[in-house]
Number of protein chains: 2
Amino acid sequence: MGTKTKKEPEAAAATATGPGAATQLTPGARRILDAASTLFYERGITAVGVDLIAKEAGTTKKTLYDRFGGKDALITAYLHERDLRWRAWLTSWVDTHAAGGGQSGAGEPLLATFDALAEWMRQHNPRGCGFVNAAAELPDPAHPARRVITEQKRWLRGYLYELSVAAGAHDPDELADGLALLHEGAVVLRGLSVVDDPVGAARALAAQTLERALTPPCAAGPPVADTPPHGR
Amino acid sequence: MGTKTKKEPEAAAATATGPGAATQLTPGARRILDAASTLFYERGITAVGVDLIAKEAGTTKKTLYDRFGGKDALITAYLHERDLRWRAWLTSWVDTHAAGGGQSGAGEPLLATFDALAEWMRQHNPRGCGFVNAAAELPDPAHPARRVITEQKRWLRGYLYELSVAAGAHDPDELADGLALLHEGAVVLRGLSVVDDPVGAARALAAQTLERALTPPCAAGPPVADTPPHGR
DNA sequence: GGCCAGGTAAACCGATCGGTCTACCTGGCC
DNA sequence: GGCCAGGTAGACCGATCGGTTTACCTGGCC
């Protein structure tokens, strides 16, 4: 094989590396990724074939394989970009909606994350969390997209932890875990018509939790044993 | 198309109707359903083909189609049986572990549901909730298995509601919603290595919530506005 | 003009998909 | 013995899967 310029699909850079790498894409690649994002989320990853993606994007499989290298890389790119969008959405929402004078105190940014989630889901989330769905369809732990999925969840927990510390929680780890639980639960229960307003319920429960987590531990906390019967 | 005895795959009864219908199955059908359950859960529904299921069960596709009628019905039967197992597990656990003198009061049965969940997942749940995963792979709302999925979630919420009423919660609806949220969140976050002990965290948060939900509303509740900024 | 990245069009590959079919064997029941 | 449900074995169907290949067109840049 000569030293020609072929080989190594360039968009592979968008799959695993730099944050802004997903921005500059060939027009064809852009349409492919957009089409793939919609189809993967709405119909499922394994249920959507590359032929359909290419057709829907108005291109051919050739372009798809030239730009992305394969379906797995395209899946990874889809999740990566979705992750970037969600992070940007959440942080900018929190920055704008909780920066001013929140009347409910230091926990305002943490509560705002639930409002951001509600609006995000209202706009583009009728089928639950794209990452949880993807994880369901990609059992292989070695699949490159798995890293993107776990990173997304880990980032949210980390973000909630930062906000918890900033809010002055006396156990930011516990608070972040609890709020992460509520986030995931709300996303899952939405779409499955079992709870009327899952995000609202999660926010209400979060407000209760916050109230307790932000008051000094000596204030009103009864000395209940918080260790479950079977320990650990 | 005479009036012969062919037609109408019998196991279709196990897909949509009666609760105990899944019990009496042909030996071959039993092996097929067992194999399908394992494969569907561990590798994903769309990723597993009927050929593999038949081979793994030591039968042929002929038997599979004779007994179940098609892949969709087999999927439905898989979810239905898993649902039955989970309900039996949860209720029997709560009955045996919370019937006696729970020292933490009337909320004991509700807390016990989290212990039941923890043990259930420890035994057979490395890949998250089979129903959530299935929902991710079956976008079509008309798919027969969707009914089983939503029924499973609805049942859990209903069960939590009953226990909440029995515990004397002054807002059993709100409590059931909150606990359902924690259940789902715990199941999702397990397997995605982001929180050390999701079920434990959920249980701890549930204990806090219970404490508040079971005390009279006039006790210590500050009159904070529980309406989010943007209402609803 | 030459070069080349980017793209379109379409044939092609082996494998697998869900599903059907014929043929034959077995054991129990009437 | 006849009948039949249940099962095994395996060929077969059209469609689609992920992926590769050849050929040709286009516009910009040197």
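None of the values given here were measured: they were computed from a predicted structure.
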Can you measure [X] atom [atom1] to [N] atom [atom2] for me and round it to whole angstrom units?
{"X": "B:D72", "N": "C:dG18", "atom1": "CG", "atom2": "P", "answer": "10 Å"}
{"X": "A:L52", "N": "D:dT16", "atom1": "CG", "atom2": "P", "answer": "11 Å"}
{"X": "B:K55", "N": "D:dT8", "atom1": "NZ", "atom2": "C1'", "answer": "16 Å"}
{"X": "A:R30", "N": "C:dG6", "atom1": "CZ", "atom2": "P", "answer": "16 Å"}
{"X": "B:I32", "N": "D:dT8", "atom1": "CD1", "atom2": "C1'", "answer": "11 Å"}
{"X": "B:L64", "N": "D:dT8", "atom1": "CG", "atom2": "P", "answer": "11 Å"}
{"X": "B:D66", "N": "C:dT22", "atom1": "CG", "atom2": "C1'", "answer": "13 Å"}
{"X": "A:F68", "N": "D:dG18", "atom1": "CZ", "atom2": "C1'", "answer": "16 Å"}

Item to check | Flag if over 12 foreign heavy atoms under 6.0 Å of CZ, B:R31 | outcome: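 It does: B:R31 CZ has more than 12 such atoms within range.
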Could you tell me which nucleotide pairs with [N] by Watson-Crick or G-U wobble geometry, both distances under 3.5 Å, or answer none if nothing does?
{"N": "D:dA23", "result": "C:dT8"}
{"N": "D:dA9", "result": "C:dT22"}
{"N": "D:dG28", "result": "C:dC3"}

Checklist entry - Any idea which of C:dG18, C:dG6, D:dG18 is nearest the A:V50 side chain? => result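 Selected nucleotide (nearest to the side chain): D:dG18.
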Next on the checklist: Side chain of A:T60, heavy atoms from C-beta onward: which of C:dG18, D:dT20, C:dT8 has the nearest atom to it?
Outcome noted: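 The nucleotide sitting nearest to the side chain is C:dT8.
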Checklist entry - Is the B:W86 ring parallel, tilted or perpendicular to the B:H183 ring (thresholds 30°, 60°)? => result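 Judged by the thresholds at 30° and 60°, the geometry between B:W86 and B:H183 is perpendicular.
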Next on the checklist: Below 30° counts as parallel, above 60° as perpendicular, anything between as tilted: where do the rings of A:H124 and A:W89 land?
Outcome noted: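 The rings of A:H124 and A:W89 stand perpendicular, inter-plane angle above 60°.
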Checklist entry - If only side-chain N and O atoms of A:R31 are considered, is one of them under 4.0 Å from the OP1 or OP2 phosphate oxygen of C:dT8? => result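 For C:dT8, OP1/OP2 do have a side-chain N/O of A:R31 under 4.0 Å.
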Item to check | B:T63 side chain near D:dT8 phosphate (N/O to OP1/OP2, under 4.0 Å) | outcome: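 Looking at the OP1 and OP2 atoms of D:dT8, one of them is under 4.0 Å from a side-chain N or O of B:T63.
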Next on the checklist: Closer than 4.0 angstrom, basic N to acidic O: yes or no for A:E151 and A:R157?
Outcome noted: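 No, A:E151 and A:R157 are not salt-bridged.
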Checklist entry - Which comes earlier along DNA chain D counting from the 5' end, the contact point of A:V48 or that of A:K62, where each point is its nearest nucleotide? => result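 By nearest-heavy-atom nucleotide position, the 5'-most residue is A:V48.
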Next on the checklist: Could you go through B:W155 and B:L90, starting from their C-alpha distance and side-chain angles, then the distance that decides it, and tell me whether this counts as side-chain contact (heavy atoms from CB on, under 4.5 Å)?
Outcome noted: CA-CA 11 Å; B:W155 176 85; B:L90 181 59; 3.9 Å; yes
